[in-house]
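Below is one structure, written out as C-alpha cells; comments come after it.
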Amino acid sequence: MFLCRSKNRSSPRPRGVSINCHTSSYRIVFVYLKGVHMAEHFSKRTATCGSLTKADDKKAVILNGWVHRHRDHGMIHFINLRDRYGITQVIVDDDSSKELQQVALSLNLEDCISVTGVVRARPASMVNPEMATGEIEVKAEQIEILSTCAPLPFQIDDGNVPREELRLKYRYLDLRTEGMKKRIKLRHDTVWAIRRYLSARGFYEIETPTMIKSTPEGARDFLVPSRIHVGKFYALPQSPQLFKQILMVGGMDKYFQIARCYRDEDARGDRQPEFTQLDLEMSFVTRDDVLSTMEGLFGYVFKEVMDYDLPPTFRRFSYEEAMNTYGCDKPDLRFGLELQDMNDLASRSTFATFKEIVAQGGHVKALCAPHSEIVDFSRKYITDLENAAKVYGAHGLAWMKVGENNTINGGISKFFEGLQGEIIDRFDAKEGDMILFVAHKEWKKTCASLSAVRSKLGKDLQLIRPGFEFCWIVDFPLFEYNEERGQWEAAHHMFSMPQAEYIDTMEEDPGKVKGDLYDLVLNGYEVASGSIRIHDVELQKRIFRICNFDDETAQERFGFLLTAFSFSPPPHGGIAPGIDRIVMIMAGESSIHEVIAFPKNTAGISPMDDSPSFVEEKQLEELHLKIVYPEKKE
RNA sequence: GAGGGUGUAGCGAAGUUGGUUAUCGCGACGGCCUGUCACGCCGUAGAUCGCGGGUUCGAGUCCCGUCAUCCUCGCCA
C-alpha cells in the first residue's frame, strides 16, 4: 500500500515539517526525523505528554494525543493535549500561520491529534505548579487531526462522574479518565510485582485449561456445549484447583498462574461472574510455608507498588477466635469494638428473654460503642443499628447506656440490677458509651448480627484507621452440615487436609473436624483462601464418603485426580488470592468494577458489547441445543 | 428467590404541604477576547420528568404496575 508512494521518499523534508497529500481518501504524511525518511499515516510522536521538562527547552517534538481542553482566547489558543502519560499545554498564537489557527479553531474536545512544534520554557509568571509539565509548553507549528470525536455521551474528566451504566457502555471513554488510568496501572504494577517475586523464588507460571470437566459441587458452573460430542459439555473452571494439584503430582514443585475463574452466581460489588485469582501451589510444604510465602509476597508487592510497609508477619486468629472476637471470619482490624460473651451475666440478670436463650444453649453477646461527638445515640440511631443486625437474623438489638459514676441506664439496664459494675468492667466502659446486645439461639447468627452492628459503628463513628491490615484466619471446620440437603459438605472444598488429630475419628462427628485451611483477610475482605491438600487416595475417598459421594460417583467425577494420586503425589498445599479484590482495596475502592477494564454489571450483563445475547438458530442446531423458555408467572 | 435505594436536557444535580412558562452547574452551538491552565464575557438551542395506568379541577411531586440500574439477604466449595 505504501510502496506505490515510496518514490516520494526522495524528497526529504526539514525536521518537524510535513506535507499532507490528499491523493487518496486518507492522508499520507512524510516525516523527516533523526535522519530517517519514513512514510507514515501521521506524524509519529517523539515524546509523550508527560515527559517534557525544562531540560527540553527549544527541542523540536511531535506529540500525539487527545484534546483534553481547549481555551480559545481569540488570537491565542491553549490546547491541553493528553495521552496516557500526562498532559502538555500546546499553544497556537498570532505568530502561527492562518492555516494552523484555522485548525486550532476547528478542534473539538477529545479529537485525536498530532502536534508538531517546539518546546519552550514558560516564563516564571506562567509556570503552572499544579501540572507535572507546568514548566514548559509546546509552541505548535502544525496540527494534524488524526480522528475526530463524536458528541460525547458524558464529559471525560470532571467531578461529575456519570452513572455506572453509562461508564460501562462507553468504557473506552471512561478509561480515558485519570482515575481509571491510575487504577489500571496499579493493577498492572501489582500483577507484575507478583510475577517478579514468585519467578525469582522458583515458581513456574503455568497455564491450565479453561474448558474442563464440570464438577458438580460448589458454585454453579458456566457450561460450554460441545459441537462434536452431542449432549456433552465443557465447564469453565471455578478455579484451576484440580489441575494445580495434578501439576504437583507432575513434579512442578512450585506453580502459580494469574488465572481467570468463572462462577455462575449472583454478582456483588466485590464479586463478578468472571474474576482473576493468583492461583498458587507448592510441594513439600506445611501450612506455615504457604503463609510465610504470602507474607513475603504481599510485603514485596505493597512496598514496590505503593511504598507501603507491611509487618513481616500477619496476625493469626483461629476461626472460632475471629468469630467470637469480631463476629465474622473476615474481620476489619482497622478498628476495635470487640465482642464480649455475655452468657454469664445474662443468666444472672432478670431479663427473661436472655435467660431463656442462654438456658436453651443460645448465645448473648455484646459490644460497647464509645461515646461519640459524631453520632448521637438516639432512639432512631439505635433502630438503624437494630435493622443492620436483623438482616443477619437477630430478632432485636438490646441496649443500655453508661451514665456517670459507673451506672447504667435506659433500655434493658433495669434487668441488670447489681451487675452494672461487672458489665462496665468487662468493656472498660466510660460515661456516654452505649452497650449493645444480641441474643440468638444460633452462635453463628449471634456473631453475624453483632458483627453487622460493629461494622456500621466503625463506619458511622469514623473509627476506621487508614492503612492496610492483613490477618490470617486458620483452623476452619472442614465440614458443614447442609440442612437443606441433609448431609455433610466440605466447608472449603473436598481436597483439603483434616488436621492430624482428627483424621482417625473424623467420621464420628464431622462437625468437630478442623481442617488445614486458611483465609487471608485484608481490611474486612476475604482476599485469599487456601489449604494443605490431601495426597493420600484412601483419605481422599473417606472425605468423599462423608460428603455423600460413594466410590463410584467419586470415581466418575474425580477419577483422573484419584488416578493421578495413585502415582506418588507429593505432600502439597496452596492458596488463591483474589487479584480484583486486593487491587480494589489498594485503590481504596469499594467495587471491583473500578479495577477491571471491562466488568459486567450486577445482572451479569456487559453493557458495552451487550452480552449475553441470543445466538443464531443455526448455531443452536449445530450444537443440538433447543431453548425451553420458562413459563411466565401470573 | 426476597428487601431497599435511584431514574428530571448530552452529563451531574435542585425541585417545598400537589398549583402559572420545570431550575442550576458542566457540556454543545454562535459571537467577543493575546497568557490561560476548571480561562472569562454575551447569546442560542436542548426535557414526552424511565415507561404504562390511576387519584385529582390540576401530578416531576400521591397511589398501583412495569422496566432499567445500584446496594443488601439468600447464593457464592
Strand partner of [N], provided both Watson-Crick or wobble distances fall under 3.5 Å:
N	value
C76(B)	none
A22(B)	none
G43(B)	C29(B)
U55(B)	none
G7(B)	C67(B)
U17(B)	none
U48(B)	none

Report yes or no: is the ring centroid of His73(A) under 5.5 Å from the six-membered base ring centroid of C39(B), with the two planes under 30 degrees?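 One would call His73(A) stacked on the C39(B) base.
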Check the geometry between Phe78(A) and U36(B) and answer yes if their rings are stacked (centres below 5.5 Å, planes below 30°), otherwise no.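 It does: the ring sits over the base of U36(B).
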If you check the [X] side chain, which of [options] turns out closest?
X	options	result
Arg271(A)	G74(B), C39(B), G12(B)	G74(B)
Asn128(A)	C37(B), G35(B), C76(B)	C37(B)
Asn108(A)	C29(B), A38(B), U8(B)	C29(B)

Evaluate the side-chain proximity of Thr210(A) to Pro237(A): yes if any heavy-atom separation is below 4.5 Å, no if none is.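 They are in contact (side-chain heavy atoms under 4.5 Å apart), so the answer is yes.
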Distance between the [atom1] atoms of [N] and [M], in whole angstroms?
N	M	atom1	result
C51(B)	A47(B)	C1'	15 Å
G58(B)	A22(B)	C1'	15 Å
G27(B)	G19(B)	C1'	33 Å
G4(B)	C41(B)	P	47 Å

Rounded off to whole Å, could you give me the CD-to-C1' distance for the Glu489(A) and C76(B) pair?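 In whole Å, C76(B) C1' lies 13 Å from Glu489(A) CD.
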Parallel, tilted or perpendicular, as decided by the 30° and 60° cut-offs, for the rings of Phe549(A) and Phe558(A):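 Ring orientation of Phe558(A) relative to Phe549(A): tilted.
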So what does [X] touch, heavy atoms closer than 4.0 Å: a base, only the sugar-phosphate, or nothing?
X	answer
Leu166(A)	sugar-phosphate
Glu130(A)	nothing
Glu137(A)	base

Sub-3.5 Å donor-acceptor pair from the side chain of Arg287(A) to the main-chain atoms of Ile532(A), do we have one?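 Not at all, since once roles are kept as given, no pair shorter than 3.5 Å links the two residues.
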Pick the closest RNA chain B nucleotide for Leu152(A) and for Leu109(A) by heavy atoms, then say which residue is nearer the 5' end.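 The 5'-side residue here is Leu152(A).
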Just the table, please: protein N/O against nucleotides 40-51 of chain B N/O, every pair under 3.5 Å.
none

Start with the C-alpha distance between Asp610(A) and Lys169(A), add both sets of side-chain angles, then the distance that settles salt bridge (Lys or Arg N to Asp or Glu O under 4.0 Å), and finish with yes or no. CA-CA 9 Å; Asp610(A) 197 30; Lys169(A) 178 159 184 186; over 6 Å; no
